[in-house]
Asker: 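Dumping the structure here so I can ask a few things about it.
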Amino acid sequence: MQIFSELYEFNEQLILTLKFSRQTIDKIAEPYKFVPKILKGESILKGADADAVREYTENLGKTDAMSQVDYLTEKKAVLKKYKEESFTDYKKYSSLYVKIFFMLGVMMAVLLA
């Protein structure tokens with residue numbers, strides 16, 4: 001969830017930077033935890049998620065600023081979809097883990113009593 005959230009925020013920041021100022025992609029990526037690693041080519045995710053991230057980063061910085069803004073605007077919807085899906089999965093599984101550990105705690109209390 002955090003990776004796609006960061007990518008979405010990075011995408012937004014990159015669009016604004018390309019429209020109104022000129023900074024390097026590395027400079028824009030500095031405040032993020034995972035984005036610099038992704039830009040260096042490290043594979044943080046696996047499967048279809050890794051393919052989506054690789055597809056996103058393969059065209060960054062390859063064309064002029066206006067083409068980049070168009071590309072990033074197209075990718076914004078894709079990143080938003082991945083971000084929302086990962087957040088939904090995170091909520092679903094995190095509440096599941098809380099319930100499981102609560103039940104384990106209750107079972108241990110019953111067994112020790």
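Numbering starts at 1 and runs along the sequence shown. No hydrogens, no waters, no symmetry mates; every other heavy atom, side chains included, goes into these values.
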Asker: Quick one: side-chain contact (heavy atoms from CB on, under 4.5 Å) partners of P31, sequence neighbours excluded?
Answerer: none
Asker: Listed by chain and number, what are the side-chain contact (heavy atoms from CB on, under 4.5 Å) partners of F102, not counting sequence neighbours?
Answerer: V106
Asker: Could you list the residues that satisfy side-chain contact (heavy atoms from CB on, under 4.5 Å) with I100, not counting sequence neighbours?
Answerer: L96, L104
Asker: Which atom pair, heavy atoms only, marks the closest approach of P36 to A29?
Answerer: CG-O, 3.2 Å
Asker: Would you be so kind as to tabulate the donor-acceptor pairs closer than 3.5 Å made by side chains of residues 66-73, with sequence neighbours excluded?
Answerer:
unit_1	atom_1	unit_2	atom_2	d
S67	OG	D64	OD1	2.7
Q68	OE1	G61	N	3.1
Q68	NE2	N59	O	3.0
Q68	NE2	T63	OG1	2.9
Y71	OH	E55	O	3.0
Y71	OH	Y56	O	2.8
T73	OG1	V69	O	2.7

Asker: Taking C-beta and beyond as the side chain, do L60 and L14 meet within less than 4.5 Å on heavy atoms?
Answerer: yes
Asker: Roughly how far apart are S5 OG and Y32 OH, rounded to 0.5 Å?
Answerer: 11.0 Å
Asker: Using the salt bridge (charged side-chain N to carboxylate O under 4.0 Å, His left out) criterion, which residues pair with E12? Sequence neighbours excluded.
Answerer: K76
Asker: Using the test side-chain contact (heavy atoms from CB on, under 4.5 Å), find all partners of K80 that sit at least two apart in sequence or belong to another chain.
Answerer: Y8, E84
Asker: Distance check, rounded to the nearest 0.5 Å: I28 atom CD1 versus T17 atom OG1?
Answerer: 3.5 Å
Asker: Using the rule given for side-chain contact (heavy atoms from CB on, under 4.5 Å), can you reason through F10 versus I15, listing the C-alpha separation, both sets of side-chain angles and the distance that settles it, and then say yes or no?
Answerer: CA-CA 9 Å; F10 172 73; I15 290 172; over 6 Å; no
